[in-house]
Number of protein chains: 2
Amino acid sequence: MNETTAWLQVPPATPDDNARQAAEARQANLTKPPGALGRLEETAIRLASLQGTGRPCVDRVSISVFAADHGVATEGISAFPQAVTAEMLKNFARGGAAISVLARELGAELEVMNLGTVNDTGPLEGIVSLRLGPGTANLCREPAMGEQQLARALHAGRMAAERARLGGAQLFIGGEMGIGNTTTAAALACALLNAPPALLAGPGTGLNAQGVARKTEVIRQALDRHSEHHGTLLEALRRLGGFEIAALAGSYMACAHMGLPVLVDGFISSVAALTAARLCPGAESWFLFSHTSAEPGHRTVLDALDAQPLLDLGMRLGEGSGAAVAVPLLRMACALHNDMATFAEAGVSVKDA
Amino acid sequence: MNETTAWLQVPPATPDDNARQAAEARQANLTKPPGALGRLEETAIRLASLQGTGRPCVDRVSISVFAADHGVATEGISAFPQAVTAEMLKNFARGGAAISVLARELGAELEVMNLGTVNDTGPLEGIVSLRLGPGTANLCREPAMGEQQLARALHAGRMAAERARLGGAQLFIGGEMGIGNTTTAAALACALLNAPPALLAGPGTGLNAQGVARKTEVIRQALDRHSEHHGTLLEALRRLGGFEIAALAGSYMACAHMGLPVLVDGFISSVAALTAARLCPGAESWFLFSHTSAEPGHRTVLDALDAQPLLDLGMRLGEGSGAAVAVPLLRMACALHNDMATFAEAGVSVKDA
């Protein structure tokens with residue numbers, strides 16, 4: 001399969017301004033003091049504009065988790081051994097992972113895709129396997145991906161988003177799993193934001209201070225190695241990213257093309273969202289942000305996206321788990337918007353002049 | 001009916017320390033980096049200890065909304081006319097209020113109790129009517145409640161909590177509705193915390209700066225009027241509180257007596273929780289805090305309770321709405337705790353030494 005990246009040139013869809021205005025007017029007439037539902041009001045209005053409807057709804061949620069290994073793991077930048085990526089794929093297949101539990105709770109579709117692990121898991125029930133390679137190359141020494149690998153990873157994300165849309169999803173969530181991917185995401189964010197490694201490197205799954213210092217140094221080496229290419233988006237993604245980060249970015253761009261709202265998860269997903277917003281300006285109109293991760297670099301990435309996530313629960317798991325946890329807030333925002341009585345319907349007096 | 005307040009002397013139930021330790025051990029063995037689910041882990045552990053079980057569950061939720069009017073409303077301290085309290089009771093009866101919508105979304109039991117409105121609504125389907133009086137007296141000039149009114153309001157809350165428990169509730173939420181009740185709650189909080197009115201007075205349903213200044217002055221007058229009684233808890237509640245605030249405090253204490261976890265809503269509910277914790281030391285062990293209100297005084301009350309709410313969505317509606325919005329977080333915390341695989345079950349490698 002010889003993929004190209006020509007599809008990335010498609011412009012994003014445009015949110016519906018009339019639907020937004022109608023939703024704002026409705027919120028002002030519901031039986032509550034204006035603004036009293038806070039961010040739930042803003043969320044309902046946003047979803048109405050993205051879905052182009054007076055009755056926003058996110059009952060049907062599709063979650064795609066992209067898993068892959070990272071060559072940089074050999075530099076000793078993770079608290080967990082690299083074997084965990086493949087082991088966790090088996091855990092996804094058996095329904096024991098956090099995102100498996102959350103997807104069941106939400107009644108959401110869950111698709112897990114193996115884009116390339118070091119350890120071959122063999123066929124797993126319910127896991128789509130693409131195996132673009134046995135993990136990426138070590139970005140400290142060479143580009144993480146070849147050009148075909150990058151194109152195929154982006155395309156894998158696009159296909160996941162299109163399957164979600166065809167399946168009737170009203171909201172897309174991307175998740176990731178891959179030992180070492182906070183290092184990769186931090187390196188990519190440094191290149192995109194021209195930020196120092198110390199600002200983006202954090203404990204990930206549980207490094208101590210010494211481990212974070214080592215990780216910071218590894219990111220610095222990687223940035224030096226590829227410094228001539230930081231300004232070229234796709235090259236930066238190819239050299240510093242990972243299969244799952246590219247797939248997430250591809251899925252987010254495809255959602256923006258199709259006009260399917262995205263609920264972005266944590267640090268790694270937000271770096272993918274930033275990449276998507278840079279590659280496809282305006283794509284960010286389709287992104288809602290679910291939570292602020294405990295991974296300290298997340299704040300920098302969120303600020304670059306002008307994002308104010310709904311939740312701040314100290315989560316740092318990935319898999320799309322933080323986004324899944326925020327879905328009920330979106331559903332309740334929609335229910336309140338659609339089902340509350342207006343002042344006129346209820347015969348309730350309005351605010352004193 | 002001649003109620004007494006002797007039942008307030010019952011000590012609170014004791015959370016189960018063995019269940020807490022077992023839950024902590026289980027969280028450490030689930031297939032995620034330790035602590036990666038953040039506050040969801042802490043919430044599951046807390047619920048396990050309160051419910052005395054290895055499998056915490058809040059599927060069955062009972063919501064009691066207490067409504068009443070406030071004599072102080074004649075001082076012009078609300079953005080909405082006093083008629084709204086009775087009008088909103090009709091809206092609750094028809095299922096058009098925010099809490100009506102949220103209770104349906106959650107599959108929660110919703111009970112609404114009219115403790116005394118200025119305008120008589122007549123019988124309303126689904127509304128329990130006690131009518132302790134046509135609202136309270138104006139606390140600027142006299143005690144808000146008589147002794148029997150206070151005892152009956154506290155008892156009404158106790159009965160609501162006991163009905164919830166008998167109905168099988170695993171979690172209790174109290175809500176309130178009453179034009180003027182941020183003024184009443186602020187005055188009571190000032191007395192309990194020996195805090196200046198300016199720290200607790202806020203815009204409520206939507207006062208401008210001039211209105212907040214007026215409200216602050218009204219609270220100052222009320223505190224002066226009853227200054228000899230600030231140190232006597234029940235007297236402070238009787239003189240400065242309201243029917244619904246006393247009922248909330250009574251319900252929270254009864255929950256603590258029975259060992260039924262409470263999810264506390266916003267500013268007014270938190271003042272009731274503070275009152276309950278002062279009247280029944282240790283009751284606060286049974287309180288979880290759902291959200292930080294946009295009402296600025298809430299932070300002061302939360303700090304006094306050493307409470308860190310789960311959500312901060314800029315909500316300021318009352319009715320129990322903020323607590324209802326947080327229920328799915330508790331449910332997902334339980335599902336993750338109960339249903340995720342352990343490292344051993346999944347054959348996933350543990351953290352590197």
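Both backbone and side-chain heavy atoms feed into the values below; hydrogens, waters and symmetry mates do not. Every chain is numbered from 1 and lettered A, B, ... according to where its sequence line falls, protein lines coming before strand lines.
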Closest-packed option against chain A by number of heavy-atom pairs under 4.5 Å, given Gly96(B), Ala341(B), Ala36(B), Gly38(B): Ala36(B)

Decide if atom CD of Glu109(B) counts as having more than 12 heavy atoms of other residues, nucleotides or ligands within a radius under 6.0 Å. no

Per-residue contact mode, Ala335(B) against chain A (heavy atom under 4.5 angstrom): both

Pick from Thr342(B), Leu310(B), Val325(B): which one has the most heavy-atom pairs with chain A under 4.5 Å? Val325(B)

Under 4.5 Å to a heavy atom of chain B? For Ala98(A) that would be both

Heavy atoms under 4.5 Å from chain B: which residues of residues 26-34 of chain A carry them? Thr31(A), Lys32(A), Pro33(A), Pro34(A)

Name the region of Phe92(B), side chain, backbone, both or neither, that has any atom closer than 4.5 Å to a heavy atom of chain A. neither

Pair count under 4.5 Å, heavy atoms only, with chain B: among Lys90(A), Glu295(A), Met332(A), highest is Met332(A)

Among Thr205(B), Val348(B), Val327(B), the residue with the most heavy-atom pairs under 4.5 Å to chain A is Val348(B)

Quick one, Leu40(B) and Leu313(A) - any side-chain contact, counting heavy atoms below 4.5 Å? yes

Leu329(B) portion near chain A, given a 4.5 angstrom heavy-atom threshold: side chain

Answer with side chain, backbone, both or neither: which region of Leu311(B) has an atom nearer than 4.5 Å to a non-hydrogen atom of chain A? side chain

Option that, when pairs with chain B are counted at under 4.5 Å, heavy atom only, ranks first among Met315(A), Arg316(A), Glu319(A), Arg39(A): Arg316(A)

Kindly give the heavy-atom pair with the smallest separation between Leu37(A) and Leu317(B), and that separation in Å. CD2-CD2, 3.8 Å

Proximity breakdown for Ala324(B) and chain A, heavy-atom pairs closer than 4.5 Å: backbone

With chain B as the partner, which of Gly35(A), Gly204(A), Ala86(A), Ser293(A) has the greatest number of non-hydrogen pairs under 4.5 Å? Gly35(A)

Closest non-hydrogen atoms of Glu105(A) and Arg331(B), given as atom of the first, atom of the second and distance, are OE1-O, 4.3 Å

